[in-house]
Amino acid sequence: METFFKTIKSGQMWPVVWHSRRQPENAVARYIDGFYNLVGRHSSLEFQSPIAFERKAREVS
């Protein structure tokens, strides 16, 4: 979890000047929905993305 928050802070939050509270909220939501949940590799999934892990699970079943 700490790595997740560090990645968001360093890559999504710190290098940008926000003009409203809604802008960083949307940026975090886009990061989670668009990258972290789909493409990002997770140690709990044998360092695969959730999509790759699900594909592999379907092939085995």
How would you list, by chain and number, every residue that makes a side chain to side chain contact (heavy atoms under 4.5 Å, CB included) with S20, sequence neighbours excluded? R22, Q23

Which Ile, Leu, Val, Met, Phe, Trp or Tyr residues join V60 in one cluster when any pair of side-chain heavy atoms under 4.5 Å counts as a link? none

Of all heavy-atom pairs linking A27 and W18, the shortest is CB-CH2, 3.6 Å

Would E54 and R58 count as a salt bridge (charged side-chain N to carboxylate O under 4.0 Å, His left out) if you check the C-alpha gap in whole Å, the side-chain angles of each, and the deciding distance to 0.1 Å? CA-CA 6 Å; E54 288 180 13; R58 285 189 199 123; 3.6 Å; yes

Joining Ile, Leu, Val, Met, Phe, Trp and Tyr whenever any side-chain heavy atoms lie under 4.5 Å apart, the cluster holding L45 also takes in F53

